[in-house]
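I have placed the structure first, in the form of C-alpha cells, so that the comments after it can refer back to it.
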Amino acid sequence: MNTIEARSALDLNEIGQEMYQLMTRLYPICRSITGDGFRASVRLLQQHIPLEIHEVPSGTPVFDWTVPKEWNIRDAYVKNARGEKVIDFQQSNLHVVNYSIPIHQKMSLVELRDHLFSIPDQPEWIPYRTSYYKENWGFCLSHRQLQSLEEGEYEVYIDASLEAGHLTYGEYYLPGQTGDEVLISCHSCHPSLCNDNLSGMALATFLAKSLGQLSLRYSYRFLFIPGTIGAITWLCLNETQVNRIKHGLVVACVGDPGKSTYKRSRQGEAEIDRAVKHVLKHSGQDYEIVDFSPYGYDERQYCSPGFNLPVGSLTRTPHGRYAEYHTSADNLDLVQPAYLADSLSKYLAVVNILENNQKYLNTNPKCEPQLGKRGLYGALGGQKEAKINELAMLWVLNLADGRHRLLDIAERSALSFDTIQTAAAALLKHNLLQVCLA
Ligand code: ZN
C-alpha cells in the first residue's frame, strides 16, 4: 500500500504560491495552437518537469483533420490619422485575433469596424477571439475603446506569419510498476488567460512534480497540447498505445473561487468517475457532478466513440459559466493560490484512490477474527475515531472476498476511502488480509 500523503496546510499553501508564480511567468506569452509562444511555454515547464517536446509538421493528416500552418506574431497595432496607436498588441496579446494573417493597410473606420470585436455588456474587458481554420484578421478591444474611435483613416498593421511549420506539444511520461496508464491532459494554447488554461498547465505541472517523487503502481502520462487539434494529433499518432490508458482527467479552470465541478467520462460509471465523486463527496465542500456531453475540452476527443476512454474533467467553474471566461478579466486576479492548492489536493486524493484501489482476501473468513487480542481495538487514532476505525475494519474484513475493491467498500460503508485504506493497512500488517492480484 502506497499512500499519497495528504499534504499539510502549510505545504499546500507553499505549493499554491509556486503554482501561481508559474502562471505569472506564463501569463505574458502570446500562445496559440502552434508557434513560438507555445514552444516558449513548454520550455518554461521543462524547468519543473523533464517533459519531451514533440514537433508535428504542418500538413500531417490526423484523422479527419490536418495539422495547420504555424502562426507566429511579432507586433500589431492600429494607428489613427494622427499616428497614435489606438490598439497596441504590446499592451495585451488579446488585442489581436489569434491566427490573424499579416496585413499592412490604410482604411476607413467603416472598413475597419468589420474586423473589430468587443463585448458591449462588459465595456472594460477585451474579448479573446481566434480564427484558426479560416484565414482572416482582426482586433479585439474594450467596448469603451471601440466607442472612442473617431471617423477617419486608420493604419492597420499585423506583423505575423502563417507558414508551413510545426504543431508543438509537450509530453511527460512517468513510469510506474505497471504499463497501465493514467492520462492527465491540459490544453495549453490560450494566450494571456489565467483560469482557462494557465491554471490547468500549472496544476498538471505540479501534480507531475509531486508524483515524480513517489513510487507508483500506475504509469502517468501528462500532455500539454493545443486544444482540439492537439488531442486529435496525439490520439492519431499514438492510436496503438491508447488501450494502456485506464483512467484519465482533463485539467482546466482550476484556480477560480467557484466550487469543484466534475464532468463524467462518456462511460459514466468508470473507476475514475467513482473516484472523483468519492473525493468531492468527502471534501466537506459544495460540489457539482455533471454528465458527459460532447461539448467542452479535450474529453470530447478522448471520449469520441472510436476511443471511448475513461476520461473525465475535474474543474472548478466550468468553461463558459463565469463572466470573465475568454476575456481579459480571466487574469491574475481571478485565479488565487489557495484555489489552485485546493484543486491540487483533490487531484492528489483521486490519484491516491486509483493507486490503492486493490482487492484483498480475508485470511480468517470464518466468523470475525478476534481484533482485541491483536491490539486492533482502539489502536488507530484517538478515542473519537476508534468507533469509526473499528467499523471500517469490520467492513473491510467482511468485503475482502476477492471481489470488492477498497472503493467498493468505501462506497458501501459510506466511510471515506482514507478511513477504509487505513483500516486495510492495519489488517494487512496483522496478516488478516492478503492482496488479491486477480
Ligand atoms: Zn478556452
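One-based numbering, in listed order, for ligands and for the atoms of each.
- In terms of distance to the Zn ion (ligand 1), the nearest N, O or S atom of Asp196 is named OD2.
- Between the side chains of Glu324 and Asn195, not a single donor N or O lies within less than 3.5 Å of an accepting N or O.
- Within the coordination shell of the Zn ion (ligand 1), defined by N, O or S atoms under 2.8 Å, His326 is present.
- In summary, of the residues considered (Phe222, Phe206, Phe224), a ring pair (Phe, Tyr, Trp, His ring centres under 6.0 Å) with His48 occurs for Phe206 alone.
- A search for ring pair (Phe, Tyr, Trp, His ring centres under 6.0 Å) contacts involving Tyr339 returns nothing, not counting sequence neighbours.
- A cation-pi arrangement is present between Lys263 and Phe292 under the rule of less than 6.0 angstrom and at most 45 degrees off the ring axis.
- Not one N/O/S atom of His187, from backbone or side chain, sits under 2.8 Å from the Zn ion (ligand 1).
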